Amino acid sequence: MAKAANPLREAVHVCAQRYRQYAGDKRARKEFARHCQALGLKLPWRDYLRARKQTGCEVREYFAFEFYKKDDAQRDTYLTLQRHDAFTKAVGDVNRAITIPGNKVLFNMIFGAFLQREWINPSACTAEEFIAFVKKHGRVMVKPSDSCSGKGIHIFAYEDDEKTRACYDELVGTGALAEELLKQHPQMDRLNPHCINTVRVATYTDRDDVHILFATARSGMNESIVDNFGAGGVSVAVDWKTGKIIADAIDQEYRRIATLPMTGTTLQGFRIPNWDKALDVVRRAARLAYTLPQCHWIGWDLAFLANDEVAIVEGNWRQGPLSQNTHPKGIYHELKELSKKL
């Protein structure tokens, strides 16, 4: 009876796999058609299948990296999510919640020298201390400790002690933190004055060096307080050696944007201020991160301040691959070669 059951289980398993593939392709086809419509393109589905077979790309990566404009050799340079997962596993940056850069409270505790701002943990202070902190700064940024893509981030403004105590009661025990608001450099206000326009700098660190792979600037498209691509912002390639923007931006629908609508600022040729200082900050922070477990591959979000300092807003552990968008080529082969050394 057991022998008869084994072929049956195998047949059921094969059928389940085929159904999952069918259902996944059905969803992917729908997403593919939606992006084609948004971009006004007529692209063959078989071209995506070809790119997926070669690189393991998801539909959103096919459009984010504009694979429909690239040949096989160009496509092969990009780090896709499938390749990313294999790479992070190979270097030991495995997906465990205990890792320091994945938690904003722990990150701030260890990387305090790079923050350029005061912050407070409601779960580790009294109500009176929290009220005094908010009253001192007037307006503070409240962040969930484990959020991403700007989710849950909001500004709390001091009105009176009672309302601030109520805010404290909501936050205590949740893992959230509150931070002093940064004042950004006037040059960055030219992108969008309503949010801190950050630059993501990607590093891979081994025992001998900090390797910078790419840099990508982000900006909000409206009056939102966050610039995250996942929250409706745009991203654009930066030459990491010079701090100069080298492309048009791309939005969530993967449309190219040459000029920011909020300010009328043209992106290509725009220079990020104090870039040499930014690279120094990143290299020092990455070297510190290397002393922690599972912290080789990190994306550093930098803010450029009115006092000419550079602040780290956060470190993105196991950063995803989408920040390669608008770059003329990806970093897959460079990263694969670097990963041979830990």
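The structure presented is a predicted model; accordingly, all values stated were derived computationally and were not measured.
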Should the pair [X]-[Y] be classified as a salt bridge under the 4.0 Å nitrogen-to-oxygen rule?
X	Y	result
E334	K329	yes
K136	E118	yes
D308	K277	no
D25	R52	yes

Distance under 6.0 Å and angle within 45° of ring axis: R165 vs Y168:
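Here R165 fails the 6.0 Å and 45° test against Y168.
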For E66, which of R256, R60, R75, R255 qualifies under salt bridge (Lys or Arg N to Asp or Glu O under 4.0 Å)?
R256
Could you grab the distance from atom [atom1] of [X] to atom [atom2] of [Y], nearest 0.5 Å is fine?
X	Y	atom1	atom2	result
R218	T198	CZ	OG1	3.5 Å
N121	N108	CG	CG	9.5 Å
M262	D189	CE	CG	11.0 Å
H327	T216	NE2	OG1	3.0 Å

May I have the step-by-step check of side chain to side chain donor-acceptor pair (under 3.5 Å) for T203 and H211, ending in yes or no?
CA-CA 5 Å; T203 61; H211 306 274; over 6 Å; no
Main-chain N/O of P321 paired with Q324 side-chain donor or acceptor, under 3.5 Å
yes
With sequence neighbours excluded, residues passing salt bridge (Lys or Arg N to Asp or Glu O under 4.0 Å) with R117:
E179
In chain order, what residues pass the salt bridge (Lys or Arg N to Asp or Glu O under 4.0 Å) check against K70, with sequence neighbours excluded?
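Listed in chain order: nothing, the list is empty.
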Partner set under side chain to side chain donor-acceptor pair (under 3.5 Å) for K336, not counting sequence neighbours:
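Here no residue qualifies.
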Check whether more than 12 heavy atoms from other residues, nucleotides or ligands sit under 6.0 Å from atom CZ of R50, and answer yes or no.
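For R50, atom CZ is not crowded (no more than 12 foreign heavy atoms under 6.0 Å).
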Verify the neighbour count for atom CD of E129: are there more than 12 heavy atoms of other residues, nucleotides or ligands below 6.0 Å?
yes
Taking the hydrophobic residues Ile, Leu, Val, Met, Phe, Trp and Tyr, and joining any pair whose side-chain heavy atoms are under 4.5 Å apart, which ones share a cluster with Y332?
L79, F87, V91, Y204, L213, F214, W297, I331, L335, L338, L342
Determine, stepwise, if the pair M109 / W119 fulfils side-chain contact (heavy atoms from CB on, under 4.5 Å).
CA-CA 10 Å; M109 291 172 66; W119 66 285; 3.7 Å; yes
Let's go through D76 and T55 carefully: what are the C-alpha distance in whole Å and the side-chain angles of both, what is the deciding distance for side chain to side chain donor-acceptor pair (under 3.5 Å) to 0.1 Å, and is it a yes or a no?
CA-CA 6 Å; D76 192 48; T55 68; over 6 Å; no
Do the rings of F111 and F107 sit parallel, tilted or perpendicular, given the 30° and 60° boundaries?
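Because their plane-to-plane angle is under 30°, the rings of F111 and F107 count as parallel.
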According to the interplanar angle, ranging from 0 to 90°, do the rings of Y62 and Y68 count as parallel (below 30°), tilted (30 to 60°) or perpendicular (above 60°)?
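Tilted: the ring planes of Y62 and Y68 meet at 30° to 60°.
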Test side-chain hydrogen bond (donor to acceptor under 3.5 Å, both in side chains) applied to Q187 and R190, H185, Q184, the passing residue
R190
Tell me, please, which residues at least two apart from Q116 pass side-chain contact (heavy atoms from CB on, under 4.5 Å).
L305, E309, A311
D208: side-chain contact (heavy atoms from CB on, under 4.5 Å) partners, not counting sequence neighbours
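Here the qualifying residues are D206, K341.
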For V142 and F156, which heavy atoms make the closest approach, and how far apart are they?
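Answer, listing the atom of V142 first, then F156: CG2-CB, 4.1 Å.
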Please find the pair of heavy atoms, one from Y48 and one from C57, that lie closest to each other, and give the distance.
OH-O, 3.0 Å
